[in-house]
Number of protein chains: 2
Amino acid sequence: MADKAQLQEAIKTQGEVVRKLKSEKASKEQVKVAKLLQLKAQLGGDEGKHVFVLKTAKGTRDYNPKQMAIREKVFNIIISCFKRHGAETIDSPVFELKETLTGKYGEDSKLIYDLKDQGGELLSLRYDLTVPFARYLAMNKITNIKRYHIAKVYRRDNPAMTRGRYREFYQCDFDIAGQYDAMIPDAECLKIVYEILNELDLGDFRIKVNDRRILDGMFAVCGVPDEKFRTICSTVDKLDKMAWEDVKKEMVNEKGLSEDVADRIGEYVSMQGGQDLAERLLQDPKLSQNKQACAGLTDMKLLFSYLELFQVTDKVVFDLSLARGLDYYTGVIYEQNGADEAGVSVGSVAGGGRYDGLVGMFDPKGRKVPCVGVSIGIERIFSIMEQKAEASSEKVRTTETQVLVASAQKNLLEERLKLTNALWNEGIKAEVLYKKNPKLLSQLQHCEETGIPLVAILGEQELKDGVVKLRNVVSREEVDVPRADLVDEIKKRTL
Amino acid sequence: MADKAQLQEAIKTQGEVVRKLKSEKASKEQVKVAKLLQLKAQLGGDEGKHVFVLKTAKGTRDYNPKQMAIREKVFNIIISCFKRHGAETIDSPVFELKETLTGKYGEDSKLIYDLKDQGGELLSLRYDLTVPFARYLAMNKITNIKRYHIAKVYRRDNPAMTRGRYREFYQCDFDIAGQYDAMIPDAECLKIVYEILNELDLGDFRIKVNDRRILDGMFAVCGVPDEKFRTICSTVDKLDKMAWEDVKKEMVNEKGLSEDVADRIGEYVSMQGGQDLAERLLQDPKLSQNKQACAGLTDMKLLFSYLELFQVTDKVVFDLSLARGLDYYTGVIYEQNGADEAGVSVGSVAGGGRYDGLVGMFDPKGRKVPCVGVSIGIERIFSIMEQKAEASSEKVRTTETQVLVASAQKNLLEERLKLTNALWNEGIKAEVLYKKNPKLLSQLQHCEETGIPLVAILGEQELKDGVVKLRNVVSREEVDVPRADLVDEIKKRTL
């Protein structure tokens, strides 16, 4: 574009020279020369050779109307679930003060987009919706709220767009902030993940649950030195992609654990179950000696008793191998893992947990606001839905138009516009082709291409009789409808 | 935050030192010293004195739940209008390649937000939705589409947030791209502005219409040198804020026009009217000699004949003083100006025009796609609506919850959760307080604060009788409803 812009500049300048010379009544010769220069500029000279790259930024994409229709469908399912659970919604700016994001994401901070320093504040694009939410709570001294927030977040990650990993992507967050009795809001978050994934109907899924306190207790009793908890945690986190042998290798060779410490961890992280497992581990001679682990396990027991009442235990598993990357989790953590009809993993599209310390990091007096939440990563869902749409025969409508106002004869543009206007005024979704005398065939084709179900056809005879010929695009039936009844008839047929 | 982060770093490091020493079985003395250092770090030392600024970026704001409720209402009005006119929707990334925005906005380019060069492409935040739309059309070789796009755009302007001018603000754009018969899509754009402003009910408004070709023709016949057209155009554009005398001064003193040239312009720009004015000017001895002016005036006549059919001429005025800033307009331009009930101007919330050259700037072969569109600037609308909401007595609901599941007695948490779950599964929007034994009063208060209309009260007796006491929060009436009928009863009462 730069080239193109310069090129246009060049043309403009030369153009002005020509005009100036003219207005100065310059000699024909001068003008001719200037004109030639202008022509050269137009041809672009060397500039012309540069090609402008017509693309969106790396890792981002446009949404075309079809994709938007699917997006709307997904959002409606998710939002109606959030509203069913009594959530309000908020919004925050796409960029925050750089310092607001500093020290929240551990080593992932390198993926944050910074804005150029053009004078004034240093800004960064939001990396998730959780930190802005915590900033919002602290800034407005809000101590309890149940809110959802659907917005795009930004990460300078290696995009894998075919698998739905982008640098600009949507997050749908639902969070419950406030001092409440243990595990009740946590259970509702899991219920919400369950409801949304069921309604989206993406195939079978499991929701793994664990607790940071159980992990830390487990590391302690296995003999992991305190300062290695986090790094070992992120190694454990790889168990969903790596075999235990390789995870163990990393623990021993890279993280410097002794063989037997690693093996002890290995025993625990292989455990899966439900309430029963929590109870068994509360009897575990080693874990039962660790205060943190006991607190976590007691809560886990309680959580599962609520999940029973919410009828979601068929898909929720207490899994000691679940660790999750982010630093700010302090209690329960969960992550959904799905598979498509063919049983192929579609990875995780939902996850979250409890972060009781984050808001306190923003509060000048360090006042804490306990929070638990879930984030739905819908880009993966979009790509799955898009593939489904591609596969299925019935095509996605991108407009809601009920009727096209058409004519078979010439010189009826004014009548078509008048009728269309009347329908708009009555709240009918109506279109009319922007041509003086379009062919009836092209008008019908427009309906078939865009899925408009009805055509209101005007002709001399209809105008004389005060009727409109209403045609069903699919069945091709036509009936004359009195102008007075047209609106009701259209409404009746397009419920 | 940086300070806070460093501080935490310091604490962490010291903590690790302490652990390390311990694990190394260091002397009690060493450990004590280290502990003291850790304590000092925790107290923060000098670090502690720094204060972290808890705010959003300059010129931006959060939307709280109340504001979001208003925003949703406004969007619904606008979107349903766009859909009534058969528009599809698209979306584009928040940032574009820097070069995509280069050379589109004239001097306003200095207001563009650039992203920091972190390696890779040079990016800028979108400045409007029109240039990304043109880029999208050229990139996908789309030659006709009717689409709307609602998204935030970014301008490093001087914010005036009380008057609804932000650095991050929404634009709602509706555009019609394609080669069509003259003035038909242009007329629909004006119809849409008319419909939306009527439905938003912000008080009286006028829509000024003009044409770039008429302006240029007018400048030519008044004796303005070609190279001064644009700069004189932007001076004329100030007529809605400045008196003619001052505008004339600028033309003569700053832009170097002669007195009589300026006076000739003055005669024209004072003219307002409708179809009649277009006809009169077509007879104007000077204008009628200018090819461009004639083309513009002929189209203006045609436009008003369509506006008659669309029944909007009561609010649309052909006004030769309307110029509009942006470079890319090539034909019809329009701008709405509104006043509140008190008749106080609320400035312009909608404007647009025809830009037949923009897409061609992106197409490698320079293929043109004629476009006409309108942009609704809804931040001003939001602030007006918010003031209205503040003034009015009835308060805005921020949730849609139909019923709160409550109890007057202790130890009924499980029953409350069970019933809430049943209601969720039936699609009822239900809430339950996250407390084991909340007071009935606090449960009722929650309903009154948030506007929940119904309470489903459980007690030992109700459980025995297999009923639920359904209470109307406003009237305080209570009736026992059999569990089996509860869902229908709630639906019936919350239609």
Side-chain angles (χ1 to χ4, degrees), chain A residues 1-2 5 16 19 23 54 56-58 60 62-65 68 83-84 86 88-95 97 99-100 102-103 113-116 120-121 123 136 138-139 168 180-181 184-185 225-227 306 309-311 361-362 398-401 414 417-418 421 424 429 431 434-436, chain B residues 1-2 4-5 16 19 23 54 56-58 60 62-65 68 83-84 86 88-95 97 99-100 102-103 113-116 120-121 123 136 138-139 168 180-181 184-185 225-227 306 309-311 362 398-401 414 417-418 421 424 429 431 434-436:
Chain A
M1 205 59 240
E16 275 157 19
R19 285 190 219 92
S23 58
L54 201 58
T56 62
K58 183 184 179 190
T60 69
D62 298 312
Y63 285 80
N64 64 34
M68 286 300 280
K83 287 185 170 176
R84 192 162 56 243
E88 311 177 290
T89 185
I90 68 167
D91 194 16
S92 69
V94 77
F95 44 64
L97 298 183
E99 57 180 350
T100 299
T102 308
Y113 277 99
D114 293 329
L115 269 69
K116 186 174 160 189
E121 301 162 329
L123 306 172
Y136 174 82
M139 189 172 139
E168 175 188 58
Y180 299 119
D181 284 326
I184 310 175
D226 298 20
E227 68 273 15
Y306 295 147
L309 297 171
F310 286 164
Q311 300 173 295
M361 290 177 73
F362 289 104
T398 58
T399 69
E400 297 176 8
T401 308
E414 295 208 346
L417 295 181
K418 231 192 267 173
N421 182 68
W424 285 334
K429 302 188 184 100
E431 283 183 63
Y434 305 119
K435 296 269 177 197
K436 280 208 194 85
Chain B
M1 204 60 238
K4 201 140 198 160
E16 274 159 18
R19 287 187 217 94
S23 59
L54 202 57
T56 61
K58 183 184 180 191
T60 69
D62 298 312
Y63 284 83
N64 64 35
M68 287 299 281
K83 286 185 171 177
R84 191 162 57 245
E88 311 178 289
T89 185
I90 68 165
D91 193 16
S92 69
V94 77
F95 44 64
L97 299 183
E99 57 181 349
T100 299
T102 308
Y113 277 99
D114 293 328
L115 269 70
K116 187 172 159 191
E121 301 162 329
L123 305 172
Y136 173 82
M139 189 172 138
E168 175 189 57
Y180 299 119
D181 284 325
I184 310 174
D226 299 19
E227 67 273 17
Y306 295 146
L309 297 171
F310 286 164
Q311 300 173 298
F362 289 104
T398 58
T399 69
E400 298 175 8
T401 308
E414 295 209 347
L417 295 182
K418 230 191 267 174
N421 182 69
W424 285 335
K429 302 187 184 98
E431 282 183 63
Y434 306 119
K435 295 269 177 197
K436 278 208 196 85

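Lettering follows sequence order; numbering is per chain, from 1.
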Enquirer: Please name the pair of heavy atoms, one in B:T89 and one in A:M68, separated by the smallest distance, quoted to 0.1 Å.
Expert: O-CG, 3.3 Å

Enquirer: Heavy atoms only, distances under 4.5 angstrom: which of B:N64, B:D114, B:V94 has the most pairs with chain A? Name it, please.
Expert: B:D114

Enquirer: Heavy-atom pairs under 4.5 Å with chain A - which of B:Y113, B:F95, B:Y63, B:Y434 has more of them than the others?
Expert: B:Y434

Enquirer: Which pair of non-hydrogen atoms, one from A:I184 and one from B:K435, has the smallest distance, and what is that distance?
Expert: CD1-N, 4.0 Å

Enquirer: At a heavy-atom distance under 4.5 Å, which candidate from B:E431, B:K429, B:R84 has the highest pair count against chain A?
Expert: B:R84

Enquirer: Closest heavy-atom contact between B:P65 and A:Y136?
Expert: CD-OH, 3.6 Å

Enquirer: What residues, two or more places apart in sequence or in another chain, satisfy salt bridge (Lys or Arg N to Asp or Glu O under 4.0 Å) together with B:E414?
Expert: none

Enquirer: Find the one option among B:T401, B:T60, B:T398 whose heavy-atom pairs under 4.5 Å with chain A are most numerous.
Expert: B:T398

Enquirer: Within the supplied structure, the quantity of interest is the number of heavy atoms (other residues, nucleotides, ligands) at a distance under 6.0 Å from A:K436 NZ; does it exceed 12?
Expert: no

Enquirer: Heavy-atom pairs under 4.5 Å with chain B - which of A:D91, A:L115, A:T56 has more of them than the others?
Expert: A:D91

Enquirer: Does any backbone or side-chain atom of B:L417 lie under 4.5 Å from a heavy atom of chain A? Answer side chain, backbone, both or neither.
Expert: both

Enquirer: Rounded to the nearest 0.5 Å, how far does CG of A:L54 lie from CD of B:E99?
Expert: 9.5 Å

Enquirer: If you look at every heavy atom in B:A57 and A:L97, which pair is closest and at what distance?
Expert: CA-CD2, 4.2 Å

Enquirer: Work out which heavy atom in B:D62 is nearest to a heavy atom in A:M139; give both atom names and the distance.
Expert: OD2-CE, 4.1 Å

Enquirer: Do the side chain of A:E400 and the main chain of B:G86 share a donor and acceptor less than 3.5 angstrom apart?
Expert: no

Enquirer: Taking all non-hydrogen atoms of both residues, which atom of A:N421 and which atom of B:Q311 are closest, and how far apart?
Expert: ND2-OE1, 2.7 Å

Enquirer: Go through A:L123, A:T399, A:D181 and name the one with the most non-hydrogen pairs under 4.5 angstrom from chain B.
Expert: A:D181

